[in-house]
Amino acid sequence: MTPNDAPNALPAGTDFIRTVVAEDMKTGKWGGKVVTRFPPEPNGPATLGQAKAIGIDFGIAEEFGGECHLRMDDTNPEREEEEYVEAIKEDIRWLGYDWGEHFYYASDYFDQMHRYAVELIRQGKAFVCDLSADQVREYRGTLTEPGRESPYRNRSIEENLDLFERMRLGEFENGSRTLRAKIDMASGNVNMRDPIMYRIVKVAHHRQGDKWCIYPSYDWAHGIEDSIEGITHSLCSLEFQDHRPLYDWFLDQLGVHHPRQYEFSRLNLTYTVMSTRRFRVMVEQGLVSGWDDPRLSTLRGLRRRGYTPEALRDFCRRIGVAKTDSMVDYAFLEHCLREDLNKRAPRVMAVLNPLRVVVENYPEGQVEEMEAINNPEDPEGGGTRKVSFSRVLYIERDDFMEDPPKKFFRLAPGREVRLRYAYFIQCEKAIKDENTGEIVELRCTYDPETKGGNAPDGRKVKATLHWVSADHALPAEVRLFSHLFTRENPLDVGPDEDWKDSVDPNSIETLTGCRVEPSLKNAQAEDRFQFERLGYFCVDPDSTPERLVFNRTVTLRDDWAKIQSSQKK
RNA sequence: UGCCGGGUGGUGUAAUGGUAACACGCCUGGUUCUGGCCCAGGUAUUGAGGGUUCGAGCCCUUCCCCGGCAGCCA
């Protein structure tokens, strides 16, 4: 499935950005071209929040026949690492997007940025400031009061040129001087109060080595990066709205190609956080097992969990693009996922919490091969497989109740149910552990006439259970996950609380005694299945043929669970 | 007390002066060899006032509420 033939496709040009792009294409504003870019800072692998941006940046370029550049925004040598460059590329490729030849590093433009900076100094629009970081903050004023001009603001062009060159040469200490744009210390927009263009950071750059000891700030660098690459529509999130006047100012002073910046609201999802910064904290503090922890909303976490790139793309498209701050319901993400997995995931039978069942009237030693459909959503294409039936089976513990409440349709003493693709069985007796009272085994009888699952006399059963044959089933470990945070909005905390407070240490539950059908023997990492009646599961990279390991990606919708919880009330 | 942005069902989006729509969620019911899928139905919406207009979610106006901004981060 490609994004274009996805169900519920939105008409093109619906959101405000696509409207602008469509209009620009019509008027020929950019010569009939659209060039976007996705500019991540390589400080961690890609997140679901970034997937939204990726979907917009690459998606719009694709839809309008343009191109989207992938650009590593590596202007801060203290925070960025090469390993994340590869990680991000891999994440984007996995999502299904392609930047073609257009892979760039902001650091490749350092020379040009430096020349432009010198040009601004020559124009008298930038100056070297000797104020310390604390002093700069003081002079900047507050949100409601104007700032004061730096005492170094009126240095001569010659002196600025000299000082800036000596900054570059490494003559001054970290933080001792900056290059600042000369704009307006009284501006209501704090970003315009003589913003810093260059800071001294004597740290080697992951690509430039020790060539530089001055590094450009985001505001100075970003517009130039966009300009050099011939970007037409520079799309970013809402928090950069206040920076747009500055983006425009720099490009106007330089008189160079001037893309337009448009901002959209970033993705927020219930029961999780989205920023690389916070994920890093969780990884470093061991709150999660790593960047690919299946509970984490990193792309690699979601991937390990079993999310498909198609579902993620569909989700990103369906949440839309707007400027409203929003909080998307996690259930919607799960809906998109189930919709995709329902169509493609092969069905298999697996028992998570086994309860032994002995079919007393079934001949000892006999084995029958039952034919099972691999995917009822695609009966022909999906084909069938054989599952072994024998005298001793396992069913799910939850599928039996000794004293069932109303609306419990499954197995109970004296009750008859169907075993999927096999026979009707009736429960004769529940055997309990003498000491604990725990039910350890069920004694049942089967009706030989019901082979294949239908009774010749037309009698019906109210439930069909999944099962595995005790002698044939494979042992497996299954990891169940719930929301990483207990709070709907983890960031919505009081003054004495921390966003990490609602991290749920019980959000992972490992089941080791599971039994799965033999067809799963050669399942490979990232293979996805529907365990019938339970949910979608994905083979974890930890899995080996001897010890299969599955992650529960998402449960099936479960009406019985809803009935149960309403019965409790 | 500054600047910028935003308010449409519980949630996310649409409606470009002309019947407020779609999806998720939730609730009913049907169907079913998955209490899945599918099908049918239901639920609930323009922040407030004033104005312009035959007609306003949309235009004007006053107000209210929410978010962002005071890194040598991005």
Side-chain angles (χ1 to χ4, degrees), chain A residues 7-8 10-11 14-15 19 39-41 43 73 75-76 78-80 129 131-133 136-138 140-147 174-180 186-193 195-201 214-215 217-219 221-222 236-245 263 265 270 276-277 318-336 338-339 342-343 347 349 372-373 376-377 407-410 418-422 424 452-454 460-466 530-535 555-563:
Chain A
N8 311 305
L10 267 26
T14 44
D15 62 71
T19 302
E41 182 186 17
N43 62 349
D73 211 355
T75 56
N76 184 346
E78 293 180 306
R79 307 200 343 167
E80 295 132 12
C129 181
L131 256 24
S132 70
V136 167
R137 192 178 316 119
E138 270 179 54
R140 186 156 35 224
T142 69
L143 292 179
T144 52
E145 298 158 18
N174 281 346
S176 60
R177 283 187 165 86
T178 54
L179 182 72
R180 301 176 64 180
S187 173
N189 182 345
V190 189
N191 295 127
M192 301 298 271
R193 320 238 264 228
I196 279 150
M197 296 165 62
Y198 276 95
R199 71 272 206 192
I200 301 172
V201 183
I214 56 171
Y215 290 93
S217 64
Y218 168 87
D219 285 311
H222 205 83
C236 60
S237 45
L238 249 32
E239 67 267 32
F240 292 101
Q241 282 176 131
D242 293 341
H243 295 252
R244 177 157 30 95
E263 311 88 9
S265 58
T270 55
T276 304
R277 199 200 98 217
R318 290 218 255 170
I319 55 175
V321 182
K323 304 186 76 148
T324 342
D325 285 310
S326 62
M327 175 74 75
V328 177
D329 194 337
Y330 202 92
F332 186 58
L333 208 211
E334 295 190 323
H335 165 79
C336 295
R338 289 192 185 105
E339 196 170 81
N342 176 52
K343 280 180 301 205
R347 282 97 287 189
M349 292 199 284
I373 296 163
E377 298 295 314
K407 291 189 176 172
F408 181 86
F409 301 146
R410 285 109 95 141
R418 172 170 37 233
L419 293 182
R420 182 139 221 214
Y421 301 123
F424 285 11
N454 291 297
K460 302 288 184 200
V461 288
K462 295 192 83 169
T464 300
L465 309 187
H466 61 278
Q530 184 195 103
F531 288 1
E532 292 222 32
R533 303 208 305 134
L534 296 174
T555 62
L556 253 26
R557 281 187 59 210
D558 189 351
D559 281 352
W560 169 237
K562 285 177 196 164
I563 293 167

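The sequence lines fix the lettering, A, B, ..., with proteins before strands; numbering per chain opens at 1.
For B:U43 and B:C54, the C1' atoms lie 34 Å apart once the distance is rounded to whole Å. Going from the C1' atom of B:G42 to that of B:G5 covers 38 Å, rounded to whole Å. When the P atom is compared between B:G9 and B:A20, the two are found 16 Å apart, to the nearest whole Å. The gap from the C1' atom of B:C59 to that of B:C3 amounts to 26 Å, rounded to the nearest Å. Taking the C1' atoms as reference points, B:U8 lies 34 Å from B:A70, given to the whole Å. With P as the reference atom, B:A74 and B:U61 are 39 Å apart, rounded to whole Å. Nucleotides B:A40 and B:U31, compared at atom P, are 15 Å apart to the nearest Å. With both ends at atom P, the span from B:C22 to B:C65 equals 35 Å, rounded to whole Å.
If you measure from atom CZ of A:F409 to atom P of B:U34, you get 13 Å, rounded to the nearest angstrom. Remark: P of B:U32 and CD1 of A:I373 are 15 Å apart, rounded to the nearest angstrom. Rounded to a whole Å, the CG atom of A:D558 is 16 Å from the C1' atom of B:G25. The distance from atom CG of A:D329 to atom C1' of B:G9 is 14 Å, rounded to the nearest whole Å. The OH atom of A:Y330 sits 17 Å away from the P atom of B:G12 (whole-angstrom rounding). The distance between atom CE of A:M349 and atom P of B:G36, rounded to the nearest whole Å, is 18 Å. Rounded to whole angstrom, the span from the CG atom of A:L333 across to the P atom of B:U11 amounts to 18 Å. One atom, CD of A:E334, and another, P of B:U11, lie 19 Å apart when rounded to the nearest Å.
In this model, no side-chain donor or acceptor of A:E145 finds a partner on the base of B:U1 within 3.5 Å. The base of B:G12 does not come close enough to the side chain of A:R318 for any donor and acceptor atom to sit less than 3.5 Å apart.
Side chain of A:T144, nearest nucleotide from B:U34, B:G35, B:U1: B:U1. In this structure, of B:G7, B:G35, B:G36, it is B:G36 that holds the atom nearest to the side chain of A:P376.
One finds the CD1 atom of A:I214 at 13.0 Å from the CZ atom of A:R177 (value rounded to the nearest 0.5 Å). Atoms CZ and CZ, from A:R180 and A:R193 in turn, are 11.0 Å apart once rounded to the nearest 0.5 Å. In this structure, CZ in A:R420 is found 7.0 Å from CD1 in A:I373, a value given to the nearest 0.5 Å.
Between A:R533 and the phosphate of B:G35, there is a side-chain N or O to OP1/OP2 separation shorter than 4.0 Å. For the OP1/OP2 pair of B:G35 and a distance below 4.0 Å, the side-chain nitrogens and oxygens of A:K407 include no atom meeting the criterion.
Base orientation at B:G50 is anti, since its O4'-C1' glycosidic dihedral falls outside 90° of 0.
A:N191 is not listed as a side-chain neighbour of A:P245, based on a closest heavy-atom distance of 4.5 Å or more. Side-chain contact between A:L131 and A:R140 is absent, with no heavy-atom pair separated by less than 4.5 Å. Counting only heavy atoms from C-beta outward, the side chains of A:H335 and A:R557 never approach each other to under 4.5 Å. Two residues are said to be in side-chain contact when any heavy atoms from C-beta on lie closer than 4.5 Å; A:K323 and A:L238 meet this criterion. Two residues are said to be in side-chain contact when any heavy atoms from C-beta on lie closer than 4.5 Å; A:E41 and A:Y218 fail this criterion. Residues A:R410 and A:W560 meet the side-chain proximity criterion, which asks for heavy atoms closer than 4.5 Å. Looking only at side-chain heavy atoms (C-beta outward), A:Q530 and A:R338 stay at 4.5 Å or farther from each other. Using a 4.5 Å heavy-atom threshold, the side chains of A:E80 and A:D73 count as separate.
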>> Output the pairing pattern of RNA chain B as a dot-bracket string, 5' first, Watson-Crick or G-U wobble with both distances under 3.5 Å, | for cross-strand pairs, [ ] for crossing pairs.
In response: .((((((..((((....[..))))((((((.......))))))...(((((..]....))))))))))).....
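In this structure, A:E145 contributes its side chain and A:G141 its backbone to no donor-acceptor pair below 3.5 Å.
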> Along nucleotides 37-42 of chain B, 5' to 3', which nucleotides get a B, which get an S, and which get a -, given that the test is a protein heavy-atom distance under 4.0 Å?
Replying inline: S-----
> In the 5'-to-3' direction, what one-character label does each nucleotide of nucleotides 65-74 of chain B receive under the scheme B = base within less than 4.0 Å of a protein heavy atom, S = sugar-phosphate only, - = no such atom?
Replying inline: --SBBBSBBB
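Counting non-hydrogen atoms under 4.0 angstrom, A:R244 reaches nothing in the nucleic acid. Looking at heavy-atom distances under 4.0 Å, A:I563 makes contact with a base. Using a 4.0 Å heavy-atom cutoff across all strands shown, A:F408 reaches at least one base atom of the nucleic acid. Counting any heavy atom pair closer than 4.0 Å across all strands shown, A:M327 reaches sugar-phosphate atoms only and no base atom.
The residue among A:A331 and A:F531 whose nearest nucleotide of RNA chain B lies closer to the 5′ end is A:A331.
Shown here is A:K462, whose NZ atom has no more than 12 heavy atoms of other residues, nucleotides or ligands within 6.0 Å.
Screening A:N454, A:V461, A:T464 for a side chain to side chain contact (heavy atoms under 4.5 Å, CB included) with A:F424, the sole residue that qualifies is A:V461.
For B:G12, the base is not stacked against the aromatic ring of A:F332, per a cut-off of 5.5 Å between centres and 30° between planes.
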